[in-house]
J.: 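What follows is a single structure, and I will ask about it in a moment.
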Amino acid sequence: MATIYDFTVKDNKGNNVSLSEYKGKVLLIVNTATGCGFTPQYDGLQDLYEKYQEKGFEILDFPCNQFANQAPGTEEEIESFCQARFGITFRHFAKIDVNGKNQAPLYEYLKSQQKGALGSNIKWNFTKFLVDRDGNVVARFAPTVTPEKLDADVAKYL
């Protein structure tokens with residue numbers, strides 16, 4: 001059976017990244033968009049990252065343009081926007097699909113581990129998956145759940 005550490009993804013520079021690099025860390029995996037009503041959540045994500053990074057917390061940011069084309073632009077443009085507007089310092093990955101025939105295998109796995117309120121499909125940008133230090137997908141949060149509301153959940157697994 002696959003674990004989260006069996007997946008390799010592309011970073012925003014096109015390099016392969018094995019998620020085994022993150023063994024022993026608590027992860028928050030988020031599908032993001034720069035032109036979404038939830039985009040201001042980047043502020044809260046950055047705050048969480050700054051608060052817990054030294055304790056072994058990482059955020060994996062996967063831009064996704066599947067929802068109303070709200071993640072236009074290249075990976076470089078997305079990263080530049082996030083750094084300039086929100087001061088993002090966590091890692092950005094290549095743009096992906098989270099649903100459908102071209103969905104990233106990582107997201108197929110995440111959705112199989114934690115179903116949402118309306119089934120397994122991702123409903124919108126800023127759906128969040130929390131992964132514990134052992135690689136277990138322990139929670140899934142709807143886009144409406146702000147990063148500030150995740151603080152206790154993140155702290156619990158650190």
J.: Show the nearest heavy-atom pair for residues N69 and P72, with the distance to one decimal.
T.: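 Between these two residues, the closest heavy atoms are O-CD, 3.7 Å.
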J.: Whether E79 and R91 form a salt bridge (side-chain N of Lys/Arg under 4.0 Å from carboxylate O of Asp/Glu) is what I want to check.
T.: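 Answer for the salt bridge query: no.
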J.: Considering residues at least two apart in sequence or located in another chain, which fulfil the side-chain contact (heavy atoms from CB on, under 4.5 Å) criterion with R85?
T.: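 By the side-chain contact (heavy atoms from CB on, under 4.5 Å) rule, R85 matches F81.
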J.: Could you tell me whether D151 and K51 have a side-chain N and a carboxylate O separated by less than 4.0 Å?
T.: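 Counted as a salt bridge, because a side-chain N and a carboxylate O are separated by less than 4.0 Å.
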J.: Under 3.5 Å, is there a donor on one side chain and an acceptor on the other for Q103 and Y107?
T.: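 Y107 and Q103 do not have a side-chain donor-acceptor pair below 3.5 Å.
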J.: Within the 3.5 Å criterion, strictly below it, is a donor on K10 or N16 matched to an acceptor on the partner's side chain?
T.: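 The answer is yes; a qualifying pair exists.
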J.: Could you verify whether a donor N or O on one side chain and an acceptor N or O on the other, from N12 and K95, lie under 3.5 Å apart?
T.: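 Per modelled atom types, N12 and K95 side chains form no pair under 3.5 Å.
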J.: Passes side chain to side chain contact (heavy atoms under 4.5 Å, CB included), F62 versus L106? Steps please.
T.: CA-CA 11 Å; F62 289 92; L106 171 62; 3.7 Å; yes
J.: For residues Y22 and F57, establish whether the separation of their ring centroids is below 6.0 Å.
T.: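 No, the ring centres sit 6.0 Å or more apart.
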J.: Step through the shown structure and confirm whether more than 12 heavy atoms of other residues, nucleotides or ligands are within 6.0 Å of CD on E21.
T.: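 Buried by this count: over 12 neighbours within 6.0 Å.
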J.: Does one hydrophobic cluster hold both I78 and I122, with members joined at side-chain heavy-atom distances below 4.5 Å?
T.: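 They do not share one cluster, since no chain of ILVMFWY contacts under 4.5 Å joins I78 to I122.
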J.: What are the two closest non-hydrogen atoms of P143 and K128, and how far apart are they?
T.: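 Minimum heavy-atom separation between P143 and K128: O-NZ, 3.6 Å.
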J.: Name all residues meeting the side-chain contact (heavy atoms from CB on, under 4.5 Å) criterion together with Q70; count only those two or more places apart in sequence or in a different chain, and write none if there are none.
T.: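 Expected list: A33, C36, A68, W124, N125.
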J.: Taking all atoms of both residues into account, what is the closest heavy-atom pair of A71 and C64, and its distance?
T.: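 Of all heavy-atom pairs spanning A71 and C64, the closest is CB-O, 3.2 Å.
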J.: Please test L19 against V9 for side chain to side chain contact (heavy atoms under 4.5 Å, CB included), starting from the C-alpha separation and ending with a verdict.
T.: CA-CA 7 Å; L19 293 186; V9 295; 4.0 Å; yes
J.: Would you sort out whether L60 and L28 count as a side chain to side chain contact (heavy atoms under 4.5 Å, CB included), showing the intermediate values?
T.: CA-CA 6 Å; L60 282 57; L28 188 66; over 6 Å; no
J.: Kindly give the heavy-atom pair with the smallest separation between D132 and Y5, and that separation in Å.
T.: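 It is O-OH, 4.0 Å.
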J.: Could you verify whether a donor N or O on one side chain and an acceptor N or O on the other, from Q46 and T89, lie under 3.5 Å apart?
T.: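 Yes, a side-chain donor-acceptor pair sits under 3.5 Å.
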J.: Contact between Q53 and E58 at the side-chain level, heavy atoms closer than 4.5 Å - yes or no?
T.: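 Q53 vs E58: side chains touch.
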J.: Give the cluster check for V26 versus L45: same hydrophobic cluster or not, with ILVMFWY residues linked at side-chain heavy-atom distances below 4.5 Å.
T.: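 Yes: a chain of side-chain contacts under 4.5 Å links V26 to L45.
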J.: Check step by step if side chain to side chain contact (heavy atoms under 4.5 Å, CB included) holds for F67 and V98.
T.: CA-CA 10 Å; F67 305 102; V98 297; 3.8 Å; yes
J.: Under 6.0 Å between the ring centres of F7 and Y109?
T.: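 Centroid separation for F7 and Y109: below 6.0 Å.
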